[in-house]
Amino acid sequence: MNLKEVLRNTIKEAVKSTYEVELPEVEFQPTRKDFEGDITVVVFPMLRYVKGNPVQIGQQIGTYLEKTVDAVSSFNVVKGFLNIVIDDSFYLDFFNGIKDRADYGYVTNASSEAILVEYSSPNTNKPLHLGHIRNILLGYSVAEILKASGKKVYKTQIVNDRGIHICKSMLAWQRFAPIGNDDKRETPNTTLNPHLTKGDKFVGYYYVQYNKEYKRQLKKISENAQIEFKELVEEAKISGKWDFINHENPNLLRLQKAFQSAMTEYLSVELDMNPSELKTKDNYISDFTLTENSKQDQEILELKSRFRGISKKFNFIEGNIKNLSNKEEKKIIQICLKHIEQVVEIFESAKEMLRKWEAGNTEVVALWKKMNQWVYDGFDVTYNNLGVDFDKLYYESDTYLLGKDVVADGLEKGIFYKKDDGSVWIDLTDEGLDEKIVLRSDGTAVYMTQDIGTAIQRAKDYTDIGGMVYTVGNEQDYHFKVLFLILKKLGFSWADSLYHLSYGMVDLPSGKMKSREGTVVDADDLMEDMTTTAANISEELGKLEGYSETEKLGLYQMIGLGALKYYILKVDPKKRILFNPEESVDFQGNTGPFIQYTYARIQSILRKAEAGEQEFDIESLKSLRLHEKEKELIKQLQLFPETIQLAAENYSPALLANYTYDLVKEFNSFYQQVSILGELNQDKKVLRVQLSKKVGEVVQSAFKLLGIEVPDRM
RNA sequence: GGUGGCAUAGCUCAGCUGGAUAGAGCACCUGCCUUCUAAGCAGGCGGUCCUAGGUUCGAAUCCUAGUGCCAUCACCA
């Protein structure tokens with residue numbers, strides 16, 4: 001039984017004996033620094049059950065505790081706060097009990113039910129960036145924390161290896177990759193571009209090439225269309241016939257069609273009508289037939305003119321969408337872009353390639369395998385540098401067809417329903433959500449179908465699964481709400497323990513990161529920058545004499561990564577992070593390197609301490625007073641196990657990061673105010689050495705859960 | 001427009017289930033390396049906890065309304 005429980009029971013006893021009432025709960029808090037004491041009991045909540053003066057009640061309880069509980073040495077009451085002073089011997093006993101436990105804080109007997117933690121889950125058409133880094137660090141850390149809290153954990157990801165995105169890279173490579181002396185197109189191994197030898201960078205480069213070509217074609221269509229339009233006008237002037245609405249110019253037709261469908265989409269969203277409904281309004285196509293008396297017709301007219309006005313701004317030149325301040329303009333231009341994409345040749349070709357892939361075309365599949373493998377080789381390097389791993393990988397190409405049977409099954413059970421066009425939906429309006437599609441009318445799977453299938457597959461693969469954690473950005477909150485509800489309705493036992501580890505976006509000062517617009521912070525580059533910064537600072541301080549160059553490099557990486565990881569993990573997951581690459585991550589104050597530094601300091605002391613300084617005589621120490629800083633340190637150490645549990649319950653590495661910072665801050669204060677090796681009393685000296693050692697161990701344990709290593713020197 | 005999230009010092013963030021005078025770091029100012037690593041320590045400056053109501057012994061924390069920012073509401077993934 002820990003001290004809090006003893007106190008709680010005794011306080012209830014005290015109240016019962018003096019006031020004859022049963023207290024349901026006792027509220028504790030750490031005593032504030034400006035009052036004497038270690039633990040404070042708040043008397044106010046008791047007033048609901050005990051009538052009287054809070055100060056008097058506090059006095060009575062305090063007296064009772066002082067008499068009954070050995071660990072309580074004295075107390076004082078300020079207003080409604082009963083401050084209890086705990087005897088030094090209690091802290092000494094406590095420390096003596098944990099000092100040799102290497103796994104202090106961890107719960108080691110794993111529960112029988114396992115939790116599966118999914119994180120990273122990238123697309124395979126481009127390299128990892130800062131956004132992925134947050135995802136990966138969070139997922140990895142939460143997995144480690146859950147493990148330490150006594151859960152069995154499987155780490156996994158689902159690799160998004162199929163779809164139009166990878167086909168775009170494949171197509172661009174086929175078209176644009178230079179051919180070498182061996183008569184073959186360049187590969188990451190043969191490329192002459194030093195930036196592309198890493199496979200994911202290589203494939204990402206061709207994704208960019210695709211987009212360049214796409215924009216080129218778009219621009220050309222636009223220019224041609226303008227010329228052709230002028231020609232039509234000239235012709236009309238001569239012939240006098242202005243009805244070229246019905247011309248047959250293919251370029252113009254394609255564009256018109258695209259804008260027309262863009263407008264339809266815009267109107268249907270704005271008016272909350274579905275497109276077919278909109279089309280049945282016979283007045284939809286031409287303004288002339290609108291009645292103008294109907295309110296809705298007027299609204300349509302207004303929206304149409306707004307759409308036309310804004311879509312004129314669409315100039316096809318390198319998307320500056322993000323610079324548009326007007327929300328509506330941005331929306332309309334985006335819809336236009338989406339529809340116009342459909343009429344560009346290279347997009348058609350990419351879609352064709354995807355069709356071939358789905359049909360199992362051997363050539364396409366071989367290319368797909370080859371390019372994905374390049375990406376995986378590249379990802380492995382990044383994962384390795386980040387120091388994270390996975391127990392099992394799932395590939396979307398294996399799982400995207402899963403789930404259809406489940407949908408069919410659910411349809412039979414009446415959980416889903418079929419619309420006239422054959423698409424399958426679930427009605428979640430009772431839960432306050434909308435209707436959601438789970439199968440397209442052509443019978444193909446949507447994202448949701450696949451996620452249902454994958455979840456079930458995982459539960460089959462790991463029969464001991466009791467829950468799953470999905471590390472995915474908060475932009476998908478709605479998706480997971482729906483997914484979990486569906487799985488619950490399907491009646492799976494583990495469906496109650498699904499958790500969406502939803503985190504805020506990483507924003508740059510310039511706004512959101514967009515890979516298509518090239519405003520991303522590359523993961524590899526970032527790690528390298530951090531290492532360089534660490535190296536510069538280290539060299540300036542020059543404390544590493546005797547280290548070889550490789551040792552130094554390893555240390556710089558450790559510190560640079562420590563800075564980056566801590567910087568990201570110390571923030572509450574659900575909050576967004578503003579990352580300013582210009583100002584780079586700090587190495588002082590509440591940072592990873594500061595904590596690593598303290599660890600190195602401790603190791604330095606331990607190296608200097610003599611071999612015999614392992615055991616102290618606890619009884620003789622009890623006759624001496626603990627230094628205030630020693631006591632504070634022990635108190636902070638005491639919190640470690642519950643902090644791990646709290647971090648696990650909340651899926652929040654930030655709680656652990658902040659705990660570690662507090663511990664280390666307390667230690668540095670102790671270190672600078674109290675002499676450790678210079679202490680004359682042998683027992684005290686050993687106690688301080690042991691205390692330092694334990695702090696070092698806890699720092700190391702805590703940082704391990706954050707995926708951060710600690711150095712012996714720095 | 002509907003739904004969800006966020007809003008705390010100039011900046012970046014803590015603040016556990018409501019508790020004492022709201023805390024750190026960075027930046028700025030003042031001290032401290034002849035003794036265990038100064039990536040440190042000690043101190044100073046800095047607050048309308050977005051706004052307005054409410055709940056109660058007590059609200060940064062809970063409730064309601066409003067404001068601002070972000071996300072989401074596709075037979076996209």
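Being a predicted model, the structure only gives us computed values, none of them experimental. Numbered from 1 within each chain, the chains take letters A, B, ... in sequence-line order. Values below: every heavy atom of this structure, side chains too, minus hydrogens, waters and symmetry copies.
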Student: Looking at A/Y503, does the NZ or CZ of A/R134 lie under 6.0 angstrom from its six-membered ring centre and within 45 degrees of the ring axis?
Tutor: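 Because its charged atom misses either the 6.0 Å distance or the 45° angle limit, A/R134 does not stack over A/Y503.
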Student: For a quick check, tell me whether the side chain of A/N83 and the base of B/A20 share a donor-acceptor pair closer than 3.5 Å.
Tutor: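 Answer yes: a donor N or O sits under 3.5 Å from an acceptor.
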Student: Expressed in whole Å, how much space separates the C1' atoms belonging to B/A14 and B/U8?
Tutor: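 Straight-line distance between the two C1' atoms is 10 Å.
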Student: Just by protein heavy atoms under 4.0 Å, how would nucleotides 9-16 of chain B read 5' to 3' in B, S and -?
Tutor: ---SSSS-
Student: Which residue pairs pass the salt bridge (Lys or Arg N to Asp or Glu O under 4.0 Å) test when at least one of the two sits in residues 670-680 of chain A, sequence neighbours left out?
Tutor: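 Sorted result for residues 670-680 of chain A: A/E679-A/R688.
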Student: Are A/E630 and A/K684 within salt-bridge range, i.e. N to O under 4.0 Å?
Tutor: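 A salt bridge is absent here (no side-chain N lies under 4.0 Å from a carboxylate O).
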Student: Tell me if the centroids of the rings in A/Y599 and A/F703 come within less than 6.0 Å of each other.
Tutor: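 No, too far apart.
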Student: Quick one, give me the B/S/- string for nucleotides 34-45 of chain B, reading 5' to 3', where B means a protein heavy atom under 4.0 Å from the base and S means that only happens at the primed atoms, P, OP1 or OP2.
Tutor: --BBSBBSS---
Student: Report yes or no: does A/D161 contribute a side-chain atom to a donor-acceptor pair with the main-chain N or O of A/S397 at less than 3.5 Å?
Tutor: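 Yes.
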Student: Both conditions, 6.0 Å and 45 degrees, for the charged tip of A/K126 above the ring of A/Y207: are they met here?
Tutor: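 Yes, A/K126 and A/Y207 form such a contact.
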Student: Quick test of your reading of the model: are A/D572 and A/K574 salt-bridged, counting only N-O distances below 4.0 Å?
Tutor: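 A/K574 and A/D572: salt-bridged.
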Student: So which pairs with a foot in residues 533-545 of chain A pass salt bridge (Lys or Arg N to Asp or Glu O under 4.0 Å), sequence neighbours left out?
Tutor: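 Checked against salt bridge (Lys or Arg N to Asp or Glu O under 4.0 Å) - neighbours excluded - no pair reaches residues 533-545 of chain A.
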Student: Give each stem of RNA chain B as a range with a range, requiring at least 3 consecutive Watson-Crick or G-U wobble pairs whose two distances are under 3.5 Å.
Tutor: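 Listed by first number, the stems are B:1-7 with B:67-73, B:10-13 with B:23-26, B:28-32 with B:40-44, B:50-54 with B:62-66.
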Student: Report yes if some heavy atom in the side chain of A/Q636 is under 4.5 Å from a heavy atom in the side chain of A/F667; otherwise report no.
Tutor: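 No, every pair of side-chain atoms sits at 4.5 Å or beyond.
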Student: When the C1' atoms of B/C6 and B/G43 are considered, how many whole Å apart are they?
Tutor: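 Those two atoms are separated by 35 Å.
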Student: So if I take residues 394-402 of chain A and measure heavy-atom distances to RNA chain B, which residues fall below 4.0 Å?
Tutor: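 Those residues are A/E396.
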